[in-house]
Amino acid sequence: MRLIWWLSTVALAAPLFAQPALVPLKAERDAAQAVDEEYTRKIREYTTEPFFNSPLTDYLPASKTVPTPKAVLGDVSGAPGILPYSTEVYSYMRMLEKASPRVKVFSIGRTEEGREMIAVAVASERLIKSLDENRARLAKLADPRTINLNDAEADKLVAASAPIYYITGTIHSTETGAPTALMELAYRLAVDDSAYIKSIRDHVITLITPIVEVDGRDRMVDLYKWHLANPGKQWPQLIYWGHYVMHDNNRDAMALTLALTRNVLNTFISWKAQVIHDLHESVPYLYDNTVGDGPYNAWIDPILADEWQMMGWNNVSEMTKFGMPGVFTHGTFDTWSPSYLMFMAATHNGISRLYETFGNAGADTEERTLRPGEYARTWFKQNPPLPKAKWSQRDNNNYEETGLLTALNFFAANEKLFLHNFYLKAKRSIEKPRTEGPAAYVFTAEERRPGAQADLLRLLQAQGCEISRATAPFTVLMPAKKPAGRGGRGGRGGPATDGATDGATDGAARKPEEKPKPEPRTFPAGTYILRMDQPYSRIADTLLDYQYWAPNDPQKSIYDDTGWTFGELSDVQVARVTDVKVLDAAMTRVEGPVTAPGGVENSGSIFLVNHNADHALVTLRYRFPQASFDAAEEPFEAAGHKFNRGSFIVRNISAADLANAGKELGVEAYAVDAAPSVKTHPLRAARIALMHTWTSTQAEGWWRLEFDRLKVPYDYISTQTAAAEGNLRSRYDVIVFPPSRGNAQAIISGMPMYGNPLPWKVTPTTPNMGRTDQTDDMRPGLGWVGLEHLHEFVRQGGLLIVANDTSNFAVTFGFTPGVSVAAGRGLKVTGSALRSKMVDAASPIAYGFTDNLAIFASNPPIFNVTNMVGGGGSGRRGGDDRERPTGRGTADDPDLPQGRTPAEIPEEPHAETWEAMPLTDEQLRNPVNVIPPAQRPRVVLRYANNNELLVSGLLDGGAELAQHAAVIDSPYGQGHVVLFSNNPFWRAETKGSYFLVFNAIMNFDNLGAGRKLADK
Ligand SMILES: [Zn+2]
């Protein structure tokens, strides 16, 4: 139906346009074109079974002028033992560019370590010559406002334009096949004269980034070369991929923190491409996973879901006809999270696609044995992979190329349909305010954290969104506040997002018959507005809206995080405005990146900086290590301004230096002649070590990335460093031990010591390894000596910061007397945003924060605290669960023994879930195990009550976690251990909680400030 539809409209609107064939072309080579005999023989030799190849890739056409991949590889693509470095891949692509007018190479940016990223365009000479004109037409389709949403005009543009299909390879460094497959694909597209390939190059511009994670690729080639140079030996795992993160480089599409993400997004947006098709290798033999399984992301245009089905099933259909086993779509991947690289197309009016082919993590040919679940036939896998087969890199390349060629051919045959859909999706994005809404997202000028607000707005700009700013106050109707829902929904427009107070969630008090009414709200001039009548409104809605994953959702193998609401997790007020009147507010477009105001006001030699937990404050502290910074232990007023608890009082710095830094960082300082009379303590530029294990660097990479971005200096050490070097306290004030994705024992033991050493270091064979950290042997862990060194470090006054699983480590190994971790029974939190409540606002860790912070949790440890060493206390739930024994009277009466006068019943001790039970007289009789008051755990934040615990994502069995401590300052010896149940640094999506860590760092030697001690 769809095809017929466009035929009628396009044919009427643009009769001159030559229509492509809609019947798939036969996949057969051009008999008139010579074949590269030697190359073809090698393809067949390296393919382990004839049915692991197709008529599209079982030969290579010859060319007298264009070099084949052999020119660089010395053998064919996919040959055993050959993995090219990025420079080799690029030099081949540039040879192609030189030899063929159908190929053009573009540099699209650099990686964190300075390596180049490229995009290679392949199409007919005509299309390559007219790239700019074509792009100008696509730009109009991408932004229908430029043609006043005129469909007839769009039809003409569609008729005259060629779409762009963007293929990205090797984002995952252990998935090694794509670069050689894409070298050969580029050659085929440029050289092959078969009708099948010609149709592609005449109708589609294929854009190829052969390597997305270039830093990781070069390390992986090193690792493979080490493996080849050390036959018979076990090889190290690829512990570092990119400079910061491993597999999670494919989870950055929301926060855009990695260079590779920004470079691919900028390429996609600036080329006005229609597709991102990302290549992965973890499933036999070809899984087109974009069709996936439910739940689908709730913010995509349904047109896209339809496109996924069309392209996915066509892929399966064509490759099934070739007789290639193991090709399927659907599968178990849920398409909920928008964090994958390919999903940037989905959130920007394009089409996201992802292949999983089958790789051997290197170029060895191996006998591969599959699990029953992998080779079982299912309704969506009618020709499943073989239970056992010899598998080669060439097989993998055959599948990747065949899949891509069938996809490109289908796309070419239906180019007008997909171009028209591209226009329609953009148009529907612009119409969003008056269709599904909202009309705008609004960021008030009264924001408490202007730096965080600017940071979030810059992210939205980087995502391609336009930001406007109100030039006068405006009033809109806001939806009525919803009461807190069942099962703990924090509620849209809840506390953190639009400045409402606790009252927003106490709906219990409201009478059921009262229907809440919309209320007017006025925003001041200077308020930022993200209008939704723009082409990329969809990504703004995706990032800023709330997520709800039903606990009883049929999808049980949840693929990734379920919640991410950026306003909440950034601790920035975001108002979702559905009233279309907002679009009539007086406003101007913001040119250039949004910044927060900064500088120095007034004159004087002492400077006051309000603490609002903006990240720039930690950058400021470390920018001037010699200046003296003090923290106010109470709120105060001075220079006509109110200052929060924790605010900075800065001395020994020139006004000019501070003003420059303030302008650059978006920090406002107020000069005064005399310091306010408020209790203070020094705020140090603490010496930091950031410690990693040699078993996983994935989670810590996100911490390191943000420490670097915010210019917080640290030594990067491993658990092996802590084992080898005593007296850590002489070098460090703070050791940050981010989550390491292992159990506590594994941190001690490291990897098994059975085989040979596993080095990770720079050598002539491995020049790209060891750039971040190095070791002669990755296997040893922290060990008992290292553990003792860490204990000594804390006892001597150091601060150890742990989160999530490293919190378990600290509890398990005795760093935290009085803190225990309970095992969750039915609790399920899968990457969700949860509501916290402030318990001790006087703790320096809470400086600059207000109540109701949303925090990110995934399988969080459930903390309990006691005043006794070994006091246990696990399994306590929110609410009073004590029960009386069977006896006389009603449920809350005392039982009465018969035949004697009643004894007076002493008051039972009571504590809230997040508190330690008060000590009893019995416990104090000989208090060997009683922790002295100043050494007891101090709870800073706790999880909210169950009915308001969930902010976004999935929460099941929340009663087990509700009200339990979330952030604990646990004194130990002279030092402290700060434990997080949540992960405060996660994928740059949790910027609202960073400063809990920075506060702990800068106040490491005064964490007891403001503490009220128990009297016994
Ligand atoms: Zn992958």
Side-chain angles (χ1 to χ4, degrees), residues 83 86 111 117 166-182 208-221 223-224 237-242 244-254 258 260-261 264 276-293 312 315 326-329 331-346 352-363 368 370-371 374 385 391 393 395-397 399-401 403-404 407 557-561 696-699 701-702 741 831 987:
L83 282 191
S86 60
T111 67
M117 287 178 71
Y166 187 17
I167 300 166
T168 51
T170 314
I171 185 172
H172 283 163
S173 305
T174 54
E175 300 163 13
T176 50
T180 48
L182 293 174
I208 301 169
T209 290
I211 304 168
V212 172
E213 176 58 274
V214 191
D215 297 336
R217 169 65 181 192
D218 285 356
R219 273 189 265 283
M220 183 62 203
V221 176
L223 183 80
Y224 185 64
Q237 66 151 325
L238 194 71
I239 186 75
Y240 294 95
W241 297 14
Y244 291 112
V245 292
M246 306 165 67
H247 190 269
D248 261 13
N249 58 8
N250 196 31
R251 301 293 184 274
D252 189 43
M254 289 194 276
L258 303 173
L260 64 87
T261 322
V264 169
I276 294 179
H277 189 150
D278 197 30
L279 300 179
H280 292 253
E281 297 165 25
S282 71
V283 179
Y285 296 125
L286 189 151
Y287 172 33
D288 174 354
N289 87 344
T290 329
V291 177
D293 198 0
N315 239 179
V327 178
F328 65 106
T329 189
T332 55
F333 169 79
D334 71 67
T335 307
W336 177 249
S337 165
S339 62
Y340 315 104
L341 186 86
M342 50 102 179
F343 220 79
M344 297 193 298
S352 55
R353 303 198 71 205
L354 191 149
Y355 278 172
E356 297 282 3
T357 58
F358 198 39
N360 288 348
R368 299 292 301 269
L370 306 188
R371 298 184 302 269
E374 291 176 313
W391 186 258
Q393 169 113 319
D395 296 334
N396 183 28
N397 279 193
Y399 270 75
E400 283 173 323
E401 287 184 63
L404 288 169
S557 52
I558 303 171
Y559 200 83
D560 209 78
D561 292 345
S696 174
T697 61
Q698 175 93 308
W702 293 114
R741 290 196 173 175
R987 296 177 176 172

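Order of appearance sets the numbers: ligands from 1, and atoms from 1 within every ligand. What you see is a predicted model; the values in this text were computed from it and never measured. Computation of the quantities below employed the complete heavy-atom set of this structure, encompassing side-chain atoms and omitting hydrogens, waters and symmetry-equivalent molecules.
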| Which of these, Y559, F328, Y355, sits in a ring-ring contact (aromatic ring centres under 6.0 Å, His included) with F333? | Y559
| query | Would you call L83 and Q393 a side-chain contact if the rule is heavy atoms closer than 4.5 Å? | reply | yes
| message | Does any part of the side chain of L258, heavy atoms only, come nearer than 4.5 Å to the side chain of E213, both counted from C-beta? | response | no
| query | Tell me, which protein N/O/S atoms are under 2.8 Å away from the Zn ion (ligand 1)? | reply | H172 ND1, E175 OE1, E175 OE2, H280 ND1
| field | Salt bridge flag under 4.0 Å for residues R368 and D395 | value | no
| message | Quick check for you: to the nearest 0.5 Å, what is the distance between N315 atom CG and Y287 atom OH? | response | 13.0 Å
| field | Counterpart residues, side chain to side chain contact (heavy atoms under 4.5 Å, CB included), relative to D293 (two or more places apart) | value | H330, Q555
